[in-house]
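Please read all numbers here as calculations on a predicted model, not as lab measurements.
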Amino acid sequence: MPDDAKEGLRQAALDYHQFPKPGKLEIRATKPLANGRDLARAYSPGVAEACLEIKADPSVARDYTARGNLVAVVSNGTAVLGLGNIGGLASKPVMEGKAVLFKKFANIDCFDIELNEPDPERLADIVCALEPTFGAINLEDIKAPDCFIVEKLCRERMNIPVFHDDQHGTAIVVGAAATNALRVAGKKFEDIKIVSTGGGAAGIACLNMLLKLGVKRENVWLCDIEGLVYQGREKDMTPQKAEYAQGTTPATLDEVIGGADLFLGLSGPGVLKPDMVAKMADRPIIFALANPTPEIDPDAARAVNPDAIIATGRSDFPNQVNNVLCFPFIFRGALDVGATDINDEMKIACVEGIAALARATTSAEAAAAYKGEQLTFGADYLIPKPFDPRLMGVVASAVAGAACATGVATRPITDMKAYKANLDSSVFKSAMIMRPVFDAARTSARRIVFAEGEDERVLRASQAIMEETTDTPILIGRPEVIELRCERAGLKIRPGVDFSIVNPENDPRYRDYWGTYHELMARKGVTPDLAKAIMRTNTTAIGAVMVHRDEADSLICGTFGQFLWHLNYVCQILGTDDYHPVAALSLMILEDGPLFVADTQVHPEPTPEQIAETVIGAARHVRRFGVEPKIALCSHSQFGNLDSDSGRRMRAAMEILDSTPRDFAYEGEMHIDAALDIELRNRVFPGAHLDGAANTLIFANTDAASGVRNILKMKGGGLEVGPILMGMGNRCHIVTPSITARGLLNMSAVAGTPVTHYG
């Protein structure tokens, strides 16, 4: 890399740490502190009540403090990865980064603690004294053999989990990668020869883990800078290295590498030479994990043996062995069950969970985060990516289950399925509120046709539909394109086997479809030739015809194109006196709960009658999500204070709604802040017919509704479910081009619910 490019990367990294605020962490309060009442509860005298409860029963500290979700990352900076002994202060950016990863990947709060203490026994004393503050301890970047001493003393004396991530985190991810590499190579743990370089904490822990997975000790050859570790060697030896001594005479790495099935490198750059790779067994596995430069460049290894299966510690090569696949989730599971230790069974459960996830279909979210990479299980995809959101549910629940099974859990979980669902809901923001909709959808098997069947998001959603619901996807698209994209995306589903296809270019039903469309549109200027052309090119029209002919129950379209363009064809084919588009309702999932917004798409300037119809439809659909509707009719006018067009229409809509008793709460017209703030509303209009904050906002034009929807999504971190096309009897929903694969899955659940469930 050119020097100016290196300097640019260096400066970018420094700017990241310095701006807009120095460092990567801050502390935020979780409770309000706005007045004297709050202060009296947070501190004196109210805080005494919580103190007395904990004194009487120490276990309730989890209920009244942050301790149950608080981890300490502790280091003395004596072995910082790639930097060596740089001391506690210089290691602080690394430890802050570790805390950020805990929060990002597992929602665990974390304090980084850097200590100027080189003596391992005194360091252990300090760590043990921290037990009242933390629910678990993550030891980090402590040199060997001191790290073994510190961990041993802390585990013996502390009643909370103590985990040295450099040892066990690395070992767990190596174990998962090795499990899958052997599967790809067609080999077994008990049969392989391992040659390892590096006798430090991580190297020894990795070998210990591989023994637990079935490797025979006599098949392990450990080398370090002095060569082979053999019986009787005195130079640079530790008790941990001595356990892997082989033979009684010196030897070099080159002399012992012959016939090795697995090279495990945790040493330094260039240690493994190409001619050594040539001596290894067929289909060798090479884990060159030194950072930032591996023991051998992957391209150099493949030049000698193209069949080599290679992993490194770098993100710019396939199979990055990254501890972030492990430590957030093993701590999540341990904290949730109140584990007193992280034992071997929990570590092996973590190995198995990570390995199994790589063999499963890649998630849409991981594919989006690593766009352009081939994420299909095989030699170049042995372990999942860190941004795979399924890691939380799969790995943490496996760890928690192992803790419960081995008796180290002080709060055992009895319903592990519900626990995993709760973990998933903390990652997938839509999971909890979508649960009633998915439950209702499972009561019937509906046929859902996707107009844009070649889109990768549709393909991923289709696989998820078959895994999570009883619905049947039907895809409109070219079979060869769909099959190729399924294969490229690492999906297991295949057209003609797992789902059916309508091929616009060549389908036996083509004559029936254009004939049906012509019959519907003959008196609206559509000739037979035009009907034929539309049924060859317009997949939205094809899908709508299928629903009209009862060959599908619901259509989902709109992953590209403009909403009203799709709506035009939907209305042509599916619109009747009973079924007509009322409005588009978007559910926005925010940090403090759901907020529904309408009409975001259908009527640019709705009439009072259309507004009233939107309110009634929204109330019905909001209840589908297990939410009792509280609807605000929003306008720039507030309770009659402006004679504006939107205000007049909203007031007229209120008169229509008031003309008949309603079984839901509504009020208007009002500003958005009055809708969401009950105290403000009571000041400007005491006695309003709405209790509490509104959860559904109805607007007088689509500009306002769509603008609020987009602001909530882009600046408020809102996740959208929708748009839900109300009024069409659940026979069609038109999404927007920004929708994700999970968004399509959510909409399929909405479409998969029979009308009788909600209307």
Enquirer: Could you tell me whether K143 and D166 have a side-chain N and a carboxylate O separated by less than 4.0 Å?
Expert: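 Salt bridge flag = no for D166 with K143.
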Enquirer: For K193, give me all partners under salt bridge (charged side-chain N to carboxylate O under 4.0 Å, His left out), at least two apart in sequence or on another chain.
Expert: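 For K193, no residue satisfies salt bridge (charged side-chain N to carboxylate O under 4.0 Å, His left out) once neighbours in sequence are set aside.
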Enquirer: State, to 0.1 Å, how close L123 and V150 come at their nearest heavy-atom pair, and which atoms those are.
Expert: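 Closest approach of L123 to V150, heavy atoms only: CD2-CG2, 3.9 Å.
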Enquirer: Is the number of heavy atoms from other residues, nucleotides or ligands within 6.0 Å of CG (L14) greater than 12?
Expert: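 Count over threshold, so yes.
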Enquirer: Is any side-chain heavy atom of V127 less than 4.5 Å from a side-chain heavy atom of M158?
Expert: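 Sidechains of M158 and V127: in contact.
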Enquirer: Salt bridge check, K187 against D191: does any charged N sit closer than 4.0 Å to a carboxylate O?
Expert: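 Salt bridge: no.
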Enquirer: Can the positive tip of K216 be found less than 6.0 Å from the middle of the six-membered ring of F189, inside 45° of the ring normal?
Expert: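 No, a cation-pi geometry is absent between K216 and F189.
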Enquirer: Checking R233 side chain against D236 main chain: does a donor-acceptor pair fall under 3.5 Å?
Expert: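 Looks like yes, one N/O pair under 3.5 Å.
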Enquirer: A quick test of your reading: do over 12 heavy atoms of other residues, nucleotides or ligands sit less than 6.0 Å from CD1 of I225?
Expert: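 It does not: I225 CD1 has 12 such atoms or fewer within range.
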Enquirer: Report the residues that fulfil salt bridge (charged side-chain N to carboxylate O under 4.0 Å, His left out) with K92, sequence neighbours left out, ordered by chain and then residue number.
Expert: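 Counting only residues at least two positions away or on another chain, K92 forms a salt bridge (charged side-chain N to carboxylate O under 4.0 Å, His left out) with D112, E114.
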Enquirer: Short question: side chain of R359, backbone of L382 - any donor-acceptor pair under 3.5 Å?
Expert: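 Not confirmed, R359 side chain does not pair with L382 backbone.
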Enquirer: Just by distance, with hydrogens left out, do D165 and N323 show a side-chain donor and acceptor under 3.5 Å apart?
Expert: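 Short answer, yes.
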Enquirer: Have a look at S267 and tell me which of L272, T197, L289 forms a side chain to side chain contact (heavy atoms under 4.5 Å, CB included) with it.
Expert: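 Passing option: T197.
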Enquirer: Does a donor on one side chain and an acceptor on the other come within less than 3.5 Å for N76 and T78?
Expert: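 Per modelled atom types, N76 and T78 side chains form a pair under 3.5 Å.
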Enquirer: Within a radius of less than 6.0 Å around NZ of K212, do more than 12 heavy atoms belonging to other residues, nucleotides or ligands occur?
Expert: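 Atom NZ in K212 is packed in, count exceeds 12.
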Enquirer: Any ion pair linking D141 and K98 (charged N to carboxylate O, less than 4.0 Å)?
Expert: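 Not counted as a salt bridge, because no side-chain N and carboxylate O are separated by less than 4.0 Å.
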Enquirer: Relative to Y244, does R217 satisfy both conditions: NZ or CZ under 6.0 angstrom from the six-membered ring centre, and within 45 degrees of the ring's axis?
Expert: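 Ring-cation test returns yes.
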Enquirer: Are the charged groups of R155 and D341 less than 4.0 angstrom apart, N to O?
Expert: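 Salt bridge between R155 and D341, a charged N being under 4.0 Å from a carboxylate O: yes.
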Enquirer: In Å and rounded to the nearest 0.5 Å, what is the CD1 to CD1 distance from I354 to I383?
Expert: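 Separation between the atoms: 8.0 Å.
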Enquirer: Count the heavy atoms belonging to other residues, nucleotides or ligands that lie under 6.0 Å from CZ of R183, then report whether that count exceeds 12.
Expert: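 No, the 6.0 Å shell around CZ holds no more than 12 heavy atoms from other groups.
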Enquirer: Examine the side chains of H17 and E96 and answer whether a donor and an acceptor come within less than 3.5 Å of each other.
Expert: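 No donor-acceptor contact under 3.5 Å links the two side chains.
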Enquirer: Would R314 and N319 count as a side-chain hydrogen bond (donor to acceptor under 3.5 Å, both in side chains) here? Give the steps.
Expert: CA-CA 8 Å; R314 295 177 58 108; N319 300 322; over 6 Å; no
Enquirer: So how far is it from K347 NZ to M209 CE, rounded to the nearest 0.5 Å?
Expert: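 It is 6.5 Å, given to the nearest 0.5 Å.
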Enquirer: Can you find a heavy atom in the side chain of F377 that is under 4.5 Å from one in the side chain of N180?
Expert: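 Answer yes - side chains close enough.
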Enquirer: How close do N116 and G88 get, heavy atom to heavy atom, and via which atoms?
Expert: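 Distance-wise, the nearest heavy atoms are OD1-N, 4.0 Å.
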Enquirer: Using a 4.5 Å cut-off on heavy atoms from C-beta on, say whether the side chain of V74 contacts that of E140.
Expert: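 They are not in side-chain contact.
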Enquirer: Is the shortest distance from a Lys or Arg side-chain nitrogen in K273 or D254 to a carboxylate oxygen in the other one below 4.0 Å?
Expert: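 Salt bridge: no.
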Enquirer: Would a line drawn from the ring center of F327 to the ring center of F105 be shorter than 6.0 Å?
Expert: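 Ring centroids of F327 and F105 are no less than 6.0 Å from each other.
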Enquirer: Taking the side chain as everything from C-beta on, heavy atoms only, tell me whether D109 gets closer than 4.5 Å to F134.
Expert: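 Not touching, per the 4.5 Å side-chain cut-off.
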Enquirer: Check whether the ring centres of F163 and F331 lie less than 6.0 Å apart, and answer yes or no.
Expert: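 Yes; F331 has its ring centre under 6.0 Å from that of F163.
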